[in-house]
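Not measured: the values here are computed from a predicted model.
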Amino acid sequence: MVTFRPARSSDIPAVVALVQSAYRGDSSRAGWTTEADLLEGQRTDPAMVEAAITDTFVLVAEQDGEVVGCCQLERREGYGYFGMFAVDPSQQGNGLGRAVLAEAERIARDEWGAGELRMTVIVQREDLIGWYVRRGFKRTGELAPFPYGDERFGRPLRDDLAFETLTKKLG
């Protein structure tokens, strides 16, 4: 059974490893969320996760005492921002991602009173964008540049990366 709770400082190593394994390197290829063909290097680091836990809200999903999913939620003016979403690659495709997203939506809507959830996704990730669209998110066409030159977010393998904002009405 999967349970949800706020992340603690003691979870930082597990969250960093989970996010890295879901998106980068060969381990990410076990799941379908890999960005390994677009970026290499780190996706996050302990300092970034610690800041997220301290300054925003990080939700973890646990199964048998192991962190198997996570996301970051940030309260913003009139909406919640959803990011740092990761599911253990060996658990992808079994509904865990949908459950983490549903819990994040519940928190933003019921506990924060947010009427909308927003996120950004690399536009080249059509499969991932499609997954979010099937869960009620809408593409906005609003693009933001990828932070080229800031290796905290990885080393791009192509020069045309950008983020698109997706939104979902809650309630």
Side-chain angles (χ1 to χ4, degrees), residues 1-12 14-16 18-23 31-33 35 43-63 67-88 91-147 150 152-154 161-171:
M1 182 172 97
V2 175
T3 58
F4 297 102
R5 64 172 174 79
R8 303 181 286 259
S9 294
S10 60
D11 294 317
I12 292 171
V15 170
V16 170
L18 174 66
V19 172
Q20 192 71 17
S21 72
Y23 290 97
W32 66 273
T33 60
E35 296 172 343
R43 174 78 189 271
T44 193
D45 62 30
M48 293 166 72
V49 172
E50 181 176 26
I53 290 171
T54 302
D55 300 336
T56 64
F57 178 81
V58 176
L59 176 71
V60 295
E62 276 188 324
Q63 189 171 35
V67 174
V68 294
C70 69
C71 69
Q72 177 184 9
L73 283 171
E74 189 174 330
R75 268 179 131 146
R76 297 195 179 167
E77 187 69 34
Y79 67 93
Y81 182 81
F82 177 80
M84 202 172 67
F85 182 35
V87 172
D88 180 324
Q91 302 248 6
Q92 291 176 14
N94 70 3
L96 179 58
R98 285 189 298 278
V100 173
L101 178 58
E103 180 65 5
E105 290 174 3
R106 186 200 64 75
I107 291 167
R109 180 187 61 244
D110 298 348
E111 296 182 21
W112 297 355
E116 182 180 38
L117 202 59
R118 295 183 191 173
M119 65 168 47
T120 58
V121 180
I122 295 174
V123 295
Q124 287 80 4
R125 299 294 320 277
E126 288 291 337
D127 54 344
L128 188 57
I129 290 171
W131 187 86
Y132 287 119
V133 167
R134 289 189 300 278
R135 274 141 203 92
F137 283 84
K138 305 276 188 243
R139 297 183 79 159
T140 65
E142 296 172 28
L143 299 180
F146 185 85
D150 188 345
R152 292 179 307 150
F153 302 102
L161 300 179
F163 293 103
E164 182 175 358
T165 300
L166 306 180
T167 64
K168 180 177 182 177
K169 297 292 184 200
L170 301 176

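Shortest non-hydrogen contact noted between A61 and V100 is CB-CG2, 3.9 Å. When all heavy atoms of L170 and A108 are compared, the pair lying nearest together is CD1-CB, 3.9 Å. Taking every heavy atom of both residues into account, C70 and V19 meet most closely at SG-CG2, 3.8 Å.
Within the 4.5 Å cutoff, the side chain of L128 has no heavy atoms near those of the E35 side chain. Side-chain atoms of Q91 and Q63, non-hydrogen and from C-beta on, do get closer than 4.5 Å to each other. Side-chain contact between V49 and V58: absent, with no pair of heavy atoms (C-beta onward) separated by less than 4.5 Å. Using a 4.5 Å heavy-atom cutoff, the side chains of Y81 and T120 are in contact. Counting heavy atoms from C-beta outward, D11 and R5 have side chains that approach closer than 4.5 Å.
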Test side-chain contact (heavy atoms from CB on, under 4.5 Å) applied to M48 and F153, step by step | CA-CA 10 Å; M48 293 166 72; F153 302 102; 3.4 Å; yes
How far apart are the C-alpha atoms of F163 and I122, what are their side-chain angles, what is the distance that settles it, and do they pass the side-chain contact (heavy atoms from CB on, under 4.5 Å) test?
-> CA-CA 4 Å; F163 293 103; I122 295 174; 3.6 Å; yes
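Looking only at distances, a side-chain donor or acceptor of T140 sits under 3.5 Å from a matching main-chain atom of T165. Between the E164 side chain and the G141 main chain, a donor and an acceptor come within less than 3.5 Å of each other. Side-chain N or O atoms of E111 include none that pairs as donor or acceptor with a backbone N or O of R106 at under 3.5 Å. A distance-only check finds no donor-acceptor pair linking the side chain of E116 to the backbone of G78 [under 3.5 Å].
D150 pairs by the side chain to side chain donor-acceptor pair (under 3.5 Å) definition with R152, not counting sequence neighbours.
To the nearest 0.5 angstrom, R75 atom CZ is 12.0 Å from T56 atom OG1. Rounding to the nearest 0.5 Å gives a distance of 8.5 Å between CD of Q124 and CD1 of I129. Of the inter-residue distances, the one linking K168 atom NZ with L117 atom CG reads 8.0 Å to the nearest 0.5 angstrom. Interatomic distance, D55 CG to E50 CD, rounded to the nearest 0.5 Å: 9.5 Å. Put simply, CG on L73 and CG on L59 are 7.0 Å apart, with the number rounded to the nearest 0.5 Å. Here W112 contributes atom CH2 and D110 contributes atom CG; the two are 12.0 Å apart, rounded to the nearest 0.5 Å.
Taking the six-membered ring where tryptophan is involved, the planes of F82 and Y132 are perpendicular, since the angle between them exceeds 60° and thus also 30°.
With L96 as the partner, the side chain to side chain contact (heavy atoms under 4.5 Å, CB included) test is satisfied by one option alone out of D88, L101, V68: V68.
Classification of E126 and R139 as a salt-bridged pair holds, one side-chain N sitting under 4.0 Å from a carboxylate O.
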